[in-house]
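Heads up: the structure comes next, in structure tokens.
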Amino acid sequence: MTLLETIKNDYQTFPDNQTYSVYADNVYFKDPMNEFTGVKRYQEMIQFMSTWFKNIDLELHNIHQNDNMIHTEWTLHWTTPLPWKPPISIPGRSELTFNDQNLVISHVDYWNCSRWDVLKQHFVLNPS
């Protein structure tokens, strides 16, 4: 299986059964809420999401590779465990850079909305 196929499969099963072996030990990760280095920290972040958020779904819209970079477009959905169970959606994209050993050395996520827009979603009452 190619790295592109592995990443595509991981997005489809996110946050479960992620293939952490395709990430370099010192992988750099950044999104609008986090910035760190290390595959262990990456695993801990995914575990935190799995534990805290409910009904996580990473909807993959597009994935393609240019040279040593994989580009993805996605929408991340979850339910926050507040009494009114607000549904959250974050549209975004990722740039994953990999080295000659086909290990991801950088994973940078960009949101197509502001952190404020995400926070506001928590205060909309869910009619169901």
Side-chain angles (χ1 to χ4, degrees):
M1 184 179 301
T2 68
L3 180 58
L4 180 75
E5 291 167 335
T6 300
I7 298 298
K8 182 177 181 179
N9 286 340
D10 279 2
Y11 273 60
Q12 292 170 340
T13 63
F14 185 85
D16 301 319
N17 304 316
Q18 298 300 283
T19 313
Y20 297 111
S21 61
V22 299
Y23 289 86
D25 288 341
N26 64 343
V27 63
Y28 170 75
F29 179 85
K30 183 176 181 180
D31 70 14
M33 300 296 291
N34 302 284
E35 183 173 13
F36 56 81
T37 302
V39 69
K40 179 103 169 103
R41 289 278 313 275
Y42 183 68
Q43 288 173 302
E44 290 169 354
M45 181 188 68
I46 303 300
Q47 181 61 45
F48 172 82
M49 292 176 67
S50 300
T51 302
W52 179 249
F53 302 123
K54 307 299 177 206
N55 306 315
I56 298 173
D57 178 37
L58 183 54
E59 183 181 356
L60 182 61
H61 306 298
N62 190 14
I63 185 169
H64 66 276
Q65 180 177 334
N66 285 359
D67 299 321
N68 68 330
M69 188 174 288
I70 293 174
H71 302 269
T72 65
E73 296 173 21
W74 43 263
T75 304
L76 178 61
H77 307 275
W78 74 73
T79 303
T80 302
L82 294 169
W84 56 94
K85 298 180 178 19
I88 308 302
S89 292
I90 302 175
R93 63 185 177 88
S94 300
E95 295 177 351
L96 291 81
T97 306
F98 57 93
N99 62 18
D100 292 340
Q101 290 78 44
N102 276 333
L103 294 175
V104 177
I105 56 172
S106 174
H107 180 147
V108 180
D109 289 344
Y110 301 92
W111 294 357
N112 298 342
C113 61
S114 71
R115 291 186 293 184
W116 175 243
D117 289 335
V118 174
L119 181 63
K120 288 189 299 187
Q121 291 180 58
H122 288 84
F123 298 100
V124 174
L125 291 180
N126 188 354
S128 56

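The figures here come from the full heavy-atom set of this structure, side chains too, leaving out hydrogens, waters and symmetry mates.
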Subject >> side-chain contact (heavy atoms from CB on, under 4.5 Å) between Ile56 and Leu76, worked out >> reply: CA-CA 7 Å; Ile56 298 173; Leu76 178 61; 4.0 Å; yes
Subject >> Reported CG-to-CZ distance for the pair Asn112 and Arg93, which is rounded to 0.5 angstrom >> reply: 7.5 Å
**OP:** Please check if the side chain of Gln18 supplies one atom and the backbone of Asp10 the other of a donor-acceptor pair under 3.5 Å.
**Re:** yes
**OP:** Write down the atom of Pro86, the atom of Gln121, and the distance for their closest heavy-atom approach.
**Re:** CB-O, 3.6 Å
Original post:
Does the pair Met45 and Phe29 meet the rule for a side-chain contact (heavy atoms from CB on, under 4.5 Å), with working shown?
Top reply: CA-CA 10 Å; Met45 181 188 68; Phe29 179 85; 3.5 Å; yes
Original post:
Do the non-hydrogen side-chain atoms of Asn68 and Thr97 ever get within less than 4.5 Å of each other?
Top reply: yes
Original post:
Linking I/L/V/M/F/W/Y whenever their side-chain heavy atoms sit closer than 4.5 Å, directly or via other members, would Met33 and Phe36 fall into one cluster?
Top reply: yes
**OP:** Tell me whether Leu103 is reachable from Ile63 by hopping between hydrophobic residues (I, L, V, M, F, W, Y) whose side-chain heavy atoms are closer than 4.5 Å.
**Re:** no
Original post:
Should Leu96 and Met49 be regarded as members of a common hydrophobic cluster, given that ILVMFWY residues are connected when their side-chain heavy atoms come within less than 4.5 Å of each other, either directly or indirectly?
Top reply: yes
Subject >> Distance in Å, Thr51 OG1 paired with Glu44 CD, rounded so as to fall on 0.5 Å steps >> reply: 11.5 Å
Original post:
Looking only at heavy atoms, what is the nearest atom pair of Asn62 and His64, with distance?
Top reply: ND2-ND1, 3.9 Å
**OP:** Search all heavy atoms of Ile105 against all heavy atoms of Ala24 and return the closest pair with its distance.
**Re:** CG2-CB, 4.0 Å
Subject >> Tyr23 OH to Tyr28 OH distance, which is reported to the nearest 0.5 Å >> reply: 14.5 Å
Original post:
How far apart are the closest heavy atoms of Phe98 and Met69, and which atoms are they?
Top reply: CE2-N, 3.6 Å
Original post:
Going by heavy atoms in the side chains, are Tyr42 and His107 under 4.5 Å from each other?
Top reply: yes
Original post:
Counting only heavy atoms not in Lys40, do more than 12 fall under 6.0 Å of its NZ?
Top reply: no
Subject >> Asp109 to Pro32 - nearest heavy-atom pair and separation >> reply: O-CD, 3.7 Å
Subject >> Contact check, side chains of Ser94 and Tyr11, non-hydrogen atoms, under 4.5 Å >> reply: yes
Subject >> Test item: Trp74 side-chain N/O and Ile90 main-chain N/O as donor-acceptor pair under 3.5 Å >> reply: no
Original post:
Of the options Ile7, Ile70, Leu3, which is the one that meets Gln65 in a side chain to side chain contact (heavy atoms under 4.5 Å, CB included)?
Top reply: Ile70
**OP:** Report the distance from atom CD of Glu59 to atom NE2 of His77, rounding to the nearest 0.5 Å.
**Re:** 4.0 Å
Subject >> Cluster check Phe14, Tyr110: I/L/V/M/F/W/Y, side chain < 4.5 angstrom >> reply: no
**OP:** Check the surroundings of atom CG in Asp67: do more than 12 heavy atoms from other residues, nucleotides or ligands lie under 6.0 Å from it?
**Re:** no
**OP:** Would you give the length of the straight line joining atom OG of Ser106 to atom NZ of Lys30, rounded to the nearest 0.5 angstrom?
**Re:** 10.0 Å
**OP:** Taking atom types as modelled, find out whether Thr6 and Asn9 have a side-chain donor-acceptor pair closer than 3.5 angstrom.
**Re:** no
Original post:
Same hydrophobic cluster for Leu58 and Tyr20, using side-chain heavy-atom links shorter than 4.5 Å among ILVMFWY?
Top reply: yes
**OP:** Look up atom OG1 in Thr75 and atom CD1 in Ile88, then write down how far apart they are to the nearest 0.5 Å.
**Re:** 13.5 Å
